[in-house]
Amino acid sequence: MTLARSIAGCFILYAAGTLSSAAGVGGGALNVPILYNIFGFTYKESVILSLCTLLGNYISQFALNIDKRHPTKLSKPLIYWDAVLILLPSELGGSNLGVILSDILPDTLLYILAMVVLIIAGGLTLSKGISYYQEETARDEIQAEEDSRPLLGMYPEKSPSTSRVKDNREPFQSVVLSIIPDYMKCCCCGEPHDALVDEPSKPKMDIPWPVVYVVLGVWVFYAICYVIMNEFDTCSAIYYIILGIIYALLLCEIVWGLYYLMQQQKADPDSIADGDIVWSASAWYLPILSFGIGILTSLLGIGGGELMGPLMLRLQILPMVSSGTTSIMSLLNTSSGVLHYLILGDIDWSYAPWVFVLGAAAGFSGRITALVVAKYYGRPSVMVFALFGVLVVCFSIYIAYIFSYDVDMTFGSLCDNR
């Protein structure tokens, strides 16, 4: 591979990661074709290196999101941990089933199914993005009309409306500094946060630690079981015994989580913020939808965030909250895969650190850009349109697959493929 091809490949991989992180996803469906077609890795090597790229991307996003607050309720974190508690375990459960089904269904059928899913997800995302953009535009027009009114005792032509409109926007430097976490400011600038940005006092962030502990505890146990399970043949009894243990664990988390969240909202109704899900017995369908998304992501090779994002937007979760939440869910999901290949010794250490760093840089730049645009211009819809862009690129890739490879409608055998 020539140097020019390598540089071009790195730039394309970085651009894909930047676009994806702006939407709160990693772009796994973009990374694999880039690594396979441009860099010339085998398909398995491309998948493993893509996971390493995603890990770096999601870690950067998490580092930027961890201290962010809810857009309308400053006492709550940006990451919607309640949704993670319910949706992540069902997505993980669906992913295990999707891996099994992917060895049975023919490739051409999977490509067609992927395009149908992407069309639906893209349509829903674009519709929601346009709706948010129209709301933002209407809000700006109302604000501009109010600012253009003359002040009491002044003639219209002498009203300082232009300067007032300009002053209403927070200085760009302050916006950037408010988005960069405090610990990064201290490391980069050597000054405490208060010395850099004079922010108004904010309420203490109320992180739901019981929920966080349960999510992380169950994920650790799941990751251990997942690694052990994949050491055995799919047709062996021990494989399905461990799989049954995993499903029992994930189901217990979902049932307990729904009950716990219902009690919490009942005890403190004021804790419900704009876009929050009202947890009740009728919310049982959400884990089922998330389970289906888990199946589709593993079955079709589409990143979890690319489908979980549209679902959250349809649930009226705010764009900034949705993108921040999908990134932490994808981080935990991706970590399981990286841990699996790490234990097997399949990670190529001559390339993995480089793609990890490239992914981290893309995640940082893309996420920073999206947050700055959302806050400075008041356009959170940019994250929705970024997600739509990722879905369009993914759809284009599957179109290329259809025309590049021979039609294959042969069903496989589970035991023969494993």
Side-chain angles (χ1 to χ4, degrees), residues 18 20-26 56-85 87-88 132 136 170-189 192-194 196-209 211-212 215-216 271-277 305 308-309 312-313 315-332 360-384 386-387:
T18 301
S20 301
S21 60
V25 300
N57 194 311
Y58 287 131
I59 288 177
S60 288
Q61 292 190 50
F62 178 71
L64 290 170
N65 291 331
I66 187 62
D67 70 336
K68 298 297 179 295
R69 297 171 182 267
H70 191 280
T72 62
K73 196 175 185 64
L74 299 181
S75 61
K76 298 191 68 172
L78 177 67
I79 298 174
Y80 192 12
W81 288 103
D82 293 358
V84 177
L85 177 67
L87 300 181
L88 178 62
Y132 277 123
E136 294 161 358
E170 187 177 352
F172 184 78
Q173 181 182 7
S174 298
V175 171
V176 175
L177 289 175
S178 68
I179 289 173
I180 298 176
D182 292 350
Y183 62 87
M184 290 187 182
K185 299 191 188 92
C186 294
C187 294
C188 298
C189 308
H193 171 61
D194 293 338
L196 295 169
V197 182
D198 183 19
E199 290 188 337
S201 59
K202 294 179 179 178
K204 180 181 178 181
M205 189 185 298
D206 185 18
I207 298 177
W209 288 113
V211 172
V212 176
V215 169
L216 296 181
S271 65
I272 302 176
D274 293 342
D276 279 3
I277 299 171
M308 189 61 69
M312 289 190 176
L313 292 173
L315 295 174
Q316 305 301 322
I317 297 176
L318 301 182
M320 291 183 66
V321 177
S322 171
S323 61
T325 304
T326 54
S327 65
I328 184 61
M329 293 176 63
S330 299
L331 171 60
L332 295 175
F364 185 85
S365 59
R367 191 61 183 161
I368 280 285
T369 301
L371 291 172
V372 168
V373 171
K375 186 172 183 179
Y376 184 71
Y377 294 101
R379 295 285 183 179
S381 59
V382 67
M383 300 181 185
V384 183
L387 177 58

Nearest heavy atoms of [X] and [Y], plus distance in Å:
{"X": "Ser178", "Y": "Val175", "result": "OG-O, 2.6 Å"}
{"X": "Ala386", "Y": "Ala23", "result": "C-CB, 3.7 Å"}
{"X": "Ala22", "Y": "Ala370", "result": "O-CB, 3.4 Å"}
{"X": "Val25", "Y": "Asn57", "result": "O-OD1, 4.1 Å"}
{"X": "Ala374", "Y": "Val382", "result": "N-CG1, 4.4 Å"}
{"X": "Pro71", "Y": "Leu318", "result": "CG-CD1, 4.2 Å"}

Check: [X] side chain, [Y] main-chain N or O, donor-acceptor pair, under 3.5 Å:
{"X": "Ser322", "Y": "Pro319", "result": "no"}
{"X": "Gln61", "Y": "Gly366", "result": "no"}
{"X": "Ser330", "Y": "Ser327", "result": "no"}
{"X": "Tyr80", "Y": "Ile277", "result": "yes"}
{"X": "Ser21", "Y": "Ala362", "result": "yes"}

Identify, with sequence neighbours excluded, every residue that meets ring pair (Phe, Tyr, Trp, His ring centres under 6.0 Å) alongside Tyr132.
-> none

Student check: side-chain heavy atoms of [X] and [Y] closer than 4.5 Å:
{"X": "Phe172", "Y": "Val372", "result": "yes"}
{"X": "Val212", "Y": "Ile207", "result": "yes"}
{"X": "Ser60", "Y": "Arg367", "result": "no"}
{"X": "Pro77", "Y": "Pro208", "result": "yes"}

Return each pair, listed once, that meets side-chain hydrogen bond (donor to acceptor under 3.5 Å, both in side chains) where at least one residue sits in residues 67-76; pairs must be two or more places apart or across chains.
-> His70-Thr72, Thr72-Asp274, Lys76-Asp276

Could you measure the distance from the [atom1] atom of [X] to the [atom2] atom of [Y]? Nearest 0.5 Å is fine.
{"X": "Met205", "Y": "Ile66", "atom1": "CE", "atom2": "CD1", "answer": "8.0 Å"}
{"X": "Leu64", "Y": "Ser365", "atom1": "CG", "atom2": "OG", "answer": "10.0 Å"}
{"X": "Ile179", "Y": "Asn65", "atom1": "CD1", "atom2": "CG", "answer": "10.5 Å"}

In sequence, state the C-alpha distance, the side-chain angles, and the governing distance for Leu371 and Met320, and then conclude on side chain to side chain contact (heavy atoms under 4.5 Å, CB included).
-> CA-CA 8 Å; Leu371 291 172; Met320 291 183 66; 3.7 Å; yes

Starting from the C-alpha separation in whole Å, work towards a yes-or-no answer on side chain to side chain contact (heavy atoms under 4.5 Å, CB included) for Thr325 and Ile317.
-> CA-CA 10 Å; Thr325 304; Ile317 297 176; 5.7 Å; no

Please test Leu88 against Val215 for side chain to side chain contact (heavy atoms under 4.5 Å, CB included), starting from the C-alpha separation and ending with a verdict.
-> CA-CA 8 Å; Leu88 178 62; Val215 169; 4.2 Å; yes

Evaluate side chain to side chain contact (heavy atoms under 4.5 Å, CB included) for Leu332 paired with Tyr58, printing each intermediate quantity in order.
-> CA-CA 9 Å; Leu332 295 175; Tyr58 287 131; over 6 Å; no

